[in-house]
Amino acid sequence: MTGGSRLRAWVAALGGLMVMLTVLTACAGPYQYYEGTGLHDATTTELAGGWENVEATRVVLREDGTALLEKLDGQDFDFEDGWRLSGAGTWQLTDDDGGQVVRLALTARSRVERRFPAPVANPSAQEPPSTYSWLFSVDRDWHDGLVLFFMYGDPDIGNMYVMTRETES
């Protein structure tokens, strides 16, 4: 092999490796950009109670680990399907290196609604799930109050679905 051929072979191999690494890192999933809030001091007593979102979503976390959900949208890419689930379920506060997370599980669906305006119908979209699980990151706002959130849609956009303490009516 001549010097020029050897150089071309190395460049081709290096180029192939770079393409493979680019593809692998581009497909790392929605959590490739987010490592958690770093919050480790929230308690289940603080989290128990009503939570709401601007689009009439309501979640009640009870101290006994049960939950009520009203019009809760799907997480990550499931948000794009446009369904909103209501029903009963369970919740648990967990803690790992990245921070605390509320694991919310819908175990008994009572209603399915569509978000308005409805997203463009996807012909391959499946029936809304009868059970579903969400992972809400736990953080504190500027006033030291708790907020719950998850990412939705394309992870490159960074959309956050934020739940705040229910306001008194």
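As the structure is a prediction and not an experimental result, all values here were calculated from the model.
- Residues Leu104 and Leu47 fall within the same hydrophobic cluster, defined by Ile, Leu, Val, Met, Phe, Trp and Tyr side chains chained together at heavy-atom separations under 4.5 Å.
- Considering only heavy atoms from C-beta on, Val102 stays 4.5 Å or farther from Gln92 through its side chain.
- The shortest non-hydrogen separation linking Val112 to Trp83 is CG1-CB, 4.2 Å.
- With hydrogens and angles disregarded, a donor-acceptor distance shorter than 3.5 Å links the side chain of Asp96 to the backbone of Gly98.
- You'll find the side chain of Phe150 stays beyond 4.5 Å of the side chain of Val101, heavy atoms only.
- You'll find the side chain of Trp134 reaches within 4.5 Å of the side chain of Leu106, heavy atoms only.
- Annotation for Arg114 and Arg84: closest pair C-CD, 4.2 Å, computed over non-hydrogen atoms.
- Under the side chain to side chain contact (heavy atoms under 4.5 Å, CB included) criterion, Ser133 pairs with Ala105, not counting sequence neighbours.
- Within the structure, salt bridge (Lys or Arg N to Asp or Glu O under 4.0 Å) pairs that include any residue of residues 47-61 comprise Arg58-Glu70, Arg58-Glu166 (at least two apart or interchain).
- Contact record, Asp73 with Arg115: OD1-NH1, 2.8 Å, taken as the closest heavy-atom pair.
- Among all heavy-atom pairs drawn from Phe77 and Gly153, the shortest one is CE2-O, 3.8 Å.
- The structure places CZ of Phe136 at 8.5 Å from CG of Leu61, a figure rounded to the nearest 0.5 Å.
- Without hydrogens or angle criteria, Glu46 side chain to Thr43 main chain gives a donor-acceptor distance under 3.5 Å.
- Counting heavy atoms from C-beta outward, Met163 and Val147 have side chains that stay 4.5 Å or more apart.
- Tyr161 is listed as a side-chain neighbour of Phe79, based on a closest heavy-atom distance under 4.5 Å.
- You'll find the side chain of Gln100 stays beyond 4.5 Å of the side chain of Thr37, heavy atoms only.
- For Leu72 against Val59, the heavy-atom pair with the smallest separation is CD2-CG2, 4.1 Å.
- Residues Val138 and Leu148 have side chains in contact (heavy-atom distance under 4.5 Å, counting atoms from C-beta outward).
- Asp141 has its side chain out of reach of Thr164: every pair of non-hydrogen atoms, C-beta onward, lies at least 4.5 Å apart.
- For Thr44, the side chain to side chain contact (heavy atoms under 4.5 Å, CB included) criterion is met by Trp91, Leu93, not counting sequence neighbours.
- For Asp41, the side chain to side chain contact (heavy atoms under 4.5 Å, CB included) partners are Leu39, Arg140, not counting sequence neighbours.
- Checking side-chain atoms of Gln75 against main-chain N and O of Met151 turns up no donor-acceptor pair under 3.5 Å.
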Residue pair Ser86, Arg109: steps toward the side-chain hydrogen bond (donor to acceptor under 3.5 Å, both in side chains) verdict: CA-CA 6 Å; Ser86 297; Arg109 185 181 80 184; over 6 Å; no
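- The side chain to side chain contact (heavy atoms under 4.5 Å, CB included) check on Asp64 picks up Arg62, Thr66, with sequence neighbours excluded.
- Under the side chain to side chain donor-acceptor pair (under 3.5 Å) criterion, Tyr152 pairs with no residue at all, not counting sequence neighbours.
- Taking every heavy atom of both residues into account, Gly89 and Thr107 meet most closely at CA-OG1, 3.4 Å.
- A distance of 9.5 Å separates CG of Leu69 from OG1 of Thr57, quoted to the nearest 0.5 Å.
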